[in-house]
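First comes the structure, then the notes that go with it.
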Amino acid sequence: MSLLLGAGVLALAAFIVSAAPGRAAPLTEAERRGRAIYLKGQGAPARPISALVGAAGTEIPASAVPCAGCHGYDGRGREEGGVAAPDITWDELTKPYGHQHPTGRRHPPYTGETLARTILHGLDPAGGRLAAVMPRYRMAPEDLADLVAYLRVLGRDDEAGVTASTVRLGTILPASGVPGALGRAVEGAVRAYLEEVNASGGVYGRRLEVVVEDPARAPRLLESGDVFALVAPLFAGDEARLASLVERHEVPAVGPLTAFPRPGSPPGRYVFYVLPGVAEQARALVRFGADRLPKARLTVVYLDRPWLREVVEAVEAECRAVGWPPPVRAGYQGALDPPAAVEALRAQAPDAAVFLGAGEEARALLEQAWRTGWNLRIWLP
């Protein structure tokens, strides 16, 4: 597991620590709102933002042409569609001697007021018109003020959880019941790995810390703005909610132990899965069996829960793909009854059984089958 954690966490932490110089203070509320406008073109739900594009001024949602799409995450500009977008960091915009562009256009340095005019009307500080590729945005005065506030710190804003001496990570783990034992094991592994990294000097001289919360407090942890990334969160059966939370709060999550990945279509920008989930592994088992067993008859024995029904459906789909008959479903509630389960299975006479439940229950099922003299073949994804 430490290799999986290292592959994801250190790559993310090293990138942000090396790329961002950081500020003395975290973003203000206005700057946070402005950041959302800059990155996504989205203001408050009741105040939609639009953009006028091209010489004809065609109006489209600003989310289709956010500032960061051309000027980059850090505001330092990049080429988009053959057009080089300029550096719009505050130090660059406010150079005391102003600007002379490759086209020959000249103008004095920007101020907050002239930058607001540029955003709304596409005019530089001298009143010259910007190229038609620069959208003119339509937004409420409150949103415009927030955007300008963020542009003043663009490229120098803190990354959440990153200070001059530490990188704070978070993880979300169950603390009670049967999942709690796994949660404690994962927490121990994460802390041991981070201690190992810190003993070797940390990441660019920064120590790695971890904050642990249970799933019920996940929103509070992400809303705090105090963690750089989530590592090895366990949201068994509720991965869709985790994906929604991290996308909303823009906190990367590395899931080396995720049983039910939710990559989305297209995949989200903030969730990274290191290994395939149970459904993908179950499909692989069927493909593996298809290379060895012609027209095999399967029974799927599974704890009847919504997230495991998805795995059953994946097995059924893969059986169709390889030309096998539909598998028999054998769901159970609560604890498995091995004698009854073996009796039911023998009546179905499957070539193999795919088992989706606790490991101890699978062992008990096999032992019961052996007692009856039946060499039952069980596949465990």
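As a basis for the values below, the full set of heavy atoms in this structure was taken, side chains included, without hydrogen atoms, waters or symmetry mates.
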* Asked: Side-chain contact, heavy-atom cut-off 4.5 Å: Leu221 with Ile172?
  -> yes
* **Evaluation steps, salt bridge (charged side-chain N to carboxylate O under 4.0 Å, His left out), between Arg309 and Asp304** => CA-CA 7 Å; Arg309 289 179 210 141; Asp304 194 0; 2.7 Å; yes
* Output, in order, the C-alpha distance, side-chain angles, deciding distance and verdict of salt bridge (charged side-chain N to carboxylate O under 4.0 Å, His left out) for Arg138 and Glu59. => CA-CA 9 Å; Arg138 296 292 175 263; Glu59 188 168 6; over 6 Å; no
* Asked: Side-chain heavy atoms under 4.5 angstrom apart, residues restricted to Ile, Leu, Val, Met, Phe, Trp, Tyr: same cluster for Ile60 and Met139?
  -> yes
* Evaluation steps, salt bridge (charged side-chain N to carboxylate O under 4.0 Å, His left out), between Glu187 and Arg191 -> CA-CA 6 Å; Glu187 179 181 351; Arg191 291 190 184 280; 3.0 Å; yes
* Structure fact -> Taken to the nearest 0.5 Å, the spacing of Cys67 SG from Leu154 CG works out to 9.0 Å
* What pairs of residues pass the ring-ring contact (aromatic ring centres under 6.0 Å, His included) test when at least one of them lies in residues 337-373, not counting sequence neighbours? -> none
* Should Arg105 and Asp124 count as an ion pair when the cut-off is N to O under 4.0 Å? -> yes
* Salt-bridge criterion met for Glu367 and Arg363 (N-O under 4.0 Å) -> yes
* Atom pair CD/CG of Glu213 and Leu230 - distance to nearest 0.5 Å -> 11.0 Å
* Asked: Hey, does Leu245 have a side-chain heavy atom less than 4.5 Å from the side chain of Pro219?
  -> yes
* To do: Could you state whether Val286 and Phe288 fall into the same hydrophobic cluster, counting links through intermediate Ile, Leu, Val, Met, Phe, Trp or Tyr residues with side-chain heavy atoms under 4.5 angstrom apart?
  => no
* Exercise: identify the closest heavy-atom pair between Leu345 and Ala353 -> CD2-CB, 4.5 Å
* Considering all heavy atoms of both residues, which atom of Leu173 and which atom of Ala232 are nearest to each other, and what is their separation? -> CD2-O, 3.5 Å
* Passes side chain to side chain donor-acceptor pair (under 3.5 Å), Ser165 versus Arg207? Steps please. -> CA-CA 6 Å; Ser165 59; Arg207 288 181 53 81; over 6 Å; no
* **Enclosure of Glu142 CD (heavy-atom neighbours >12, cutoff 6.0 Å)** => yes
* Asked: Which heavy atom of Thr171 sits nearest a heavy atom of Val231, and at what distance?
  -> OG1-O, 2.7 Å
* So, does Arg297 use its side chain to make a donor-acceptor pair with the main chain of Ala349 at under 3.5 Å? -> yes
* **Pair Arg329 + Glu316, salt bridge at N-O below 4.0 Å** => yes
* Take Val153 and Tyr150 through the side chain to side chain contact (heavy atoms under 4.5 Å, CB included) test and state the conclusion after the steps. => CA-CA 5 Å; Val153 300; Tyr150 179 67; 4.0 Å; yes
* Evaluate side chain to side chain contact (heavy atoms under 4.5 Å, CB included) for Trp324 paired with Val315, printing each intermediate quantity in order. => CA-CA 11 Å; Trp324 282 3; Val315 171; over 6 Å; no
* Asked: Is there a donor in the side chain of Thr89 and an acceptor in the side chain of Asp91, or the other way round, less than 3.5 Å apart?
  -> no
* Asked: Mind checking whether Leu298 and Asp351 have side chains closer than 4.5 Å, heavy atoms only?
  -> no
* Asked: For the residue pair Trp90 and Leu115, what are the closest heavy atoms and their distance?
  -> CZ3-CD2, 3.6 Å
* Check whether any side-chain heavy atom of Arg35 sits under 4.5 Å from a side-chain heavy atom of Arg32, and report yes or no. => no
* For the pair Glu195 (side chain) and Ala192 (backbone), establish whether a donor and an acceptor sit closer than 3.5 Å, ignoring hydrogens and angles. => no
* Charged N to carboxylate O under 4.0 angstrom, Arg33 versus Asp143? -> no
* Asked: Say you draw a straight line from OH of Tyr110 to CD of Glu92; how long is it, rounded to the nearest 0.5 Å?
  -> 11.0 Å
* To do: Report yes or no: does Thr58 contribute a side-chain atom to a donor-acceptor pair with the main-chain N or O of Gly54 at less than 3.5 Å?
  => no
* Asked: Are Leu151 and Leu39 linked, directly or through other ILVMFWY residues, by side chains that come within less than 4.5 angstrom of each other?
  -> yes
* Got a second to check how far Arg206's CZ is from Asn198's CG, nearest 0.5 Å? -> 13.0 Å
* **Min side-chain heavy-atom separation Ile88-Tyr38 under 4.5 Å** => yes
* Taking a hydrophobic cluster as the set of Ile, Leu, Val, Met, Phe, Trp and Tyr residues connected by side-chain heavy atoms closer than 4.5 Å, whether directly or through intermediates, do Val328 and Leu285 fall within one such cluster? -> no
* **Whether over 12 other heavy atoms sit under 6.0 Å from Arg346 CZ** => yes
* Would you check, one step at a time, whether the test side chain to side chain contact (heavy atoms under 4.5 Å, CB included) holds for Val301 with Ile378? => CA-CA 10 Å; Val301 182; Ile378 287 186; over 6 Å; no
* Can you find a pair of side-chain heavy atoms, one from Lys95 and one from Pro109, that are under 4.5 Å apart? -> no
* Asked: Side-chain donor-acceptor pair under 3.5 Å between Ser63 and Gln42, yes or no?
  -> no
* To do: Would you mind reporting whether His99 and Arg106 have side-chain heavy atoms less than 4.5 Å apart?
  => no
* Kindly compute the distance separating OG1 (Thr372) from CD (Glu343), expressed to the nearest 0.5 Å. => 10.5 Å
* Please lay out, stage by stage, how Phe228 and Leu169 fare under the test side chain to side chain contact (heavy atoms under 4.5 Å, CB included). => CA-CA 5 Å; Phe228 164 65; Leu169 305 172; 4.0 Å; yes
* To do: Could you tell me which non-hydrogen atom of Val311 sits nearest to which non-hydrogen atom of Ala282, and how far apart they are?
  => CG1-CB, 3.8 Å
* In one Ile/Leu/Val/Met/Phe/Trp/Tyr side-chain cluster, 4.5 Å: Leu120, Leu52 -> no
* Structure fact -> Separation between CD1 (Ile37) and CG (Asp146), nearest 0.5 Å, reads 5.5 Å
* Structure fact -> Scanning both residues in full, the closest heavy-atom pair of His71 with Ala85 reads ND1-CB, 3.8 Å
* To do: Please tell me if the side chains of Pro174 and Leu234 come closer than 4.5 Å, counting only heavy atoms from C-beta onward.
  => yes
* Between Thr118 and Thr114, is there a donor-acceptor pair closer than 3.5 Å when you use the side chain of the first and the backbone of the second? -> yes
* Is a side-chain donor or acceptor of Arg168 paired with a backbone partner of Val210 at a separation under 3.5 angstrom? -> no
